[in-house]
Protein chains: 2
Amino acid sequence: MIEIYADSRETRSGLLKTLSEMEGYSIKVGELPCGDYAISSDVCIERKSATDFVISIMDGRLMEQIAKMKIDYKRPILLIEGNPFKTRSAIKTEALVGAISWVNAIEDVTVLMVADEGESAKMIATMARHLQQGLGYEVPLRRNKPKASDLGSVYNLEGLPGVGPKTAQNLFNHFGSIFDVCMASVEELSQVPRLGKASAERIYNQIRHRKS
Amino acid sequence: MIEIYADSRETRSGLLKTLSEMEGYSIKVGELPCGDYAISSDVCIERKSATDFVISIMDGRLMEQIAKMKIDYKRPILLIEGNPFKTRSAIKTEALVGAISWVNAIEDVTVLMVADEGESAKMIATMARHLQQGLGYEVPLRRNKPKASDLGSVYNLEGLPGVGPKTAQNLFNHFGSIFDVCMASVEELSQVPRLGKASAERIYNQIRHRKS
DNA sequence: CTATGAGTGCCCTGA
DNA sequence: TCAGGGCACTCATAG
């Protein structure tokens, strides 16, 4: 059973009703210190309608709420319902962008936008499930692996830090095999075109990095 | 002067043009190992149009890109342009919500949504400014590179033939590092759970395979 | 992402 | 020890 904690102020919202009608979820209503929904010990969600969001920027409530959430939760999420750019209000686009950028870049808080209440419900439910039960299987990080050996080697090297398609090809050309790349010293790695000492070191470290 | 690094694939986009016309910004185009824009040593941005986003979910490119960004940068951002829920595509809403939730909840990557290219430009520019100049005082690029991670190693090993998420983890657990996997003989590789002689040989051959 | 199906190869059991 | 069926995991495809 997936548990979602909702703040009592949300009681009247249709969202809470939708959530409580879902199979496999248990909704607990109470007084949250901040935010509207808590879906794990690290994650809480502040849900705002587009107009509410705009207003909370102007009266400074947004900063306050975000700051508060960051104290109690490691990973707060701001969920905006509707398009704030489309609201008829005095606020300038720059201010809007500035606020979102601040929330995101400085405060490191995720900003999600959904169209309506229904999407909000689905989003909150799914995130709760993912956090509490995982996906139910492992996600394949890489797909469409090439079969030809040369391509396979290049593809494999793309897994190293700071190595994209171009550098992977360079590495392979220079060393001739994955094995030789693994044996290379930092100095030898630096010889490769487009690889500086910093990247070379990171690659070297990743290859030797031991399970923590 | 605020610096923004853009991947060369973005050259044709109107966004890059808009950015380069902005006062006080210096845009450098080059080959980024991953992501489309880098705005600090810790933060890079993968920008996707709504339809692109949907397509990249379906062909599995999204997971790969996110994973790669997480290896190279401390704080990757996924910037979605337009409303993915409104695209006419065969994908189910559940899958869409699932993807966003996965990026967010499981991968702990910030998701940002904007309406169009213009907003993207403003958002990227503003975030760059916030990160590089702070809101008032100086917080320039700290040069602390992301350290080698378990995830990076597992991701790398997943590039090998016949190796999916499960086996990659098993390999890493058994040998402790990419380096040790590369040094292993066919016999030693066979020791790993669920790896028989056939798979072990394929892996061994791929690692030693020389450029043809 | 979610769903489904086929294919490969490991592994366990039983003789 | 070896054959065979069950299973786990990879990989392709489709919405």
Side-chain angles (χ1 to χ4, degrees), chain A residues 2 22-24 110 112 114 118-119 121-149 151-152 155-156 159, chain B residues 46 48-70 78 80 83-109 111 113 154-174 186-206:
Chain A
I2 299 154
M22 285 182 169
E23 283 290 321
T110 286
L112 286 181
V114 294
E119 280 176 17
K122 280 182 200 152
M123 190 62 78
I124 292 173
T126 308
M127 299 214 328
R129 194 188 82 227
H130 282 173
L131 283 167
Q132 291 174 34
Q133 309 191 332
L135 289 177
Y137 57 91
E138 298 271 0
V139 185
L141 266 22
R142 316 183 74 173
R143 216 172 286 191
N144 304 328
K145 283 188 265 198
K147 282 187 293 177
S149 290
L151 288 174
Y155 181 78
N156 186 271
Chain B
E46 172 72 31
K48 284 203 179 305
S49 72
T51 43
D52 225 41
F53 174 66
V54 173
I55 293 170
S56 73
I57 292 169
M58 298 201 283
D59 66 16
R61 226 168 56 244
L62 181 70
M63 279 72 104
E64 198 167 329
Q65 289 173 325
I66 296 284
K68 195 73 179 67
M69 286 207 290
K70 277 194 67 177
L78 176 63
I80 302 172
N83 187 344
F85 293 95
K86 289 274 153 55
T87 61
R88 259 200 311 297
S89 61
I91 198 171
K92 286 222 179 74
T93 318
E94 284 76 46
L96 217 51
V97 171
I100 295 172
S101 166
W102 173 80
V103 170
N104 229 286
I106 311 232
E107 293 300 329
D108 191 14
V109 167
V111 176
M113 290 165 147
V154 172
Y155 179 80
N156 184 275
L157 294 171
E158 227 186 283
L160 293 167
V163 178
K166 227 78 170 191
T167 314
Q169 190 64 58
N170 287 344
L171 271 170
F172 188 56
N173 288 344
H174 187 91
V186 174
E187 283 70 35
E188 284 163 342
L189 286 167
S190 312
Q191 304 293 310
V192 174
R194 313 225 123 261
L195 266 192
K197 191 144 174 296
S199 308
E201 246 165 34
R202 272 204 300 274
I203 293 170
Y204 184 87
N205 288 335
Q206 180 69 69

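In the text below, chain A, chain B and the rest are named by the order of the sequence lines, each starting its count at 1.
- When the side-chain nitrogen and oxygen atoms of A/Y137 are compared with OP1 and OP2 of D/dC9, none of them lie within a distance under 4.0 Å.
- Within the nucleic acid shown, A/K147 has no heavy atom closer than 4.0 Å to any nucleic acid atom.
- Of the side-chain N and O atoms in A/R129, one or more sit less than 4.0 angstrom from OP1 or OP2 of C/dT2.
- For the side-chain contact (heavy atoms from CB on, under 4.5 Å) with B/V163, the lone residue among B/L195, B/L171, B/V154 that qualifies is B/L171.
- To the nearest 0.5 Å, the span separating CD1 on B/I66 from CD1 on B/I106 amounts to 12.5 Å.
- Note: NZ (A/K122) to C1' (C/dT2) measures 14 Å, nearest angstrom.
- Within 4.0 Å (heavy atoms only), B/A90 reaches sugar-phosphate atoms of the nucleic acid but no base atom.
- Counting non-hydrogen atoms under 4.0 angstrom, A/V139 reaches the backbone sugars and phosphates but no base.
- Under a 4.0 Å N-O distance rule, the pair B/E201/B/K197 qualifies as a salt bridge.
- If you take CZ of B/R194 and C1' of D/dG6, they are 11 Å apart, rounded to a whole angstrom.
- Contact annotation: A/T126 does not reach the phosphate of C/dC1 (side-chain N/O to OP1 or OP2, under 4.0 Å).
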**OP:** Take B/I91 and B/M58, measure what side chain to side chain contact (heavy atoms under 4.5 Å, CB included) needs, and give me the verdict at the end.
**Re:** CA-CA 8 Å; B/I91 198 171; B/M58 298 201 283; 4.0 Å; yes
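- Atom CZ of B/R202 and atom C1' of C/dG9 are 8 Å apart (whole Å).
- Residue A/E138 contributes atom CD, which lies 11 Å from atom C1' of D/dC9 at whole-angstrom precision.
- Near DNA chain C, meaning a heavy atom under 4.0 Å away, there are no residues from residues 157-166 of chain B.
- For the pair B/M58 CE and D/dA14 C1', the computed distance is 9 Å after rounding to whole Å.
- The distance between atom CG of B/L96 and atom P of C/dT2, rounded to the nearest whole Å, is 11 Å.
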Original post:
What do the steps show when you test B/V109 against B/N104 for side chain to side chain contact (heavy atoms under 4.5 Å, CB included), and what is the final call?
Top reply: CA-CA 5 Å; B/V109 167; B/N104 229 286; over 6 Å; no
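- Within the 4.0 angstrom heavy-atom criterion, only backbone atoms of the sugar-phosphate kind lie near A/L135; the bases stay farther away.
- Using a 4.0 Å heavy-atom cutoff across all strands shown, B/S89 reaches no nucleic acid atom at all.
- Atom-to-atom, CG of A/N144 to C1' of D/dT10 comes out at 13 Å; the value is rounded to the nearest Å.
- Between B/E107 and B/K70 there is a salt bridge, since a side-chain N of the basic residue sits under 4.0 Å from a carboxylate O of the acidic one.
- Both A/R142 and B/I57 lie close to DNA chain D; mapped to their nearest nucleotides by heavy-atom distance, the more 5′-ward contact belongs to A/R142.
- In terms of phosphate contacts, A/R143 brings no side-chain nitrogen or oxygen within less than 4.0 Å of OP1 or OP2 of D/dT10.
- Of all non-hydrogen atoms in B/L160 and A/K145, the two that sit nearest each other are O-NZ, 3.0 Å.
- Considering CZ of A/R142 and CG of A/N144, their distance stands at 11.5 Å, rounded to 0.5 Å.
- Note: NZ (A/K145) to P (D/dC11) measures 4 Å, nearest angstrom.
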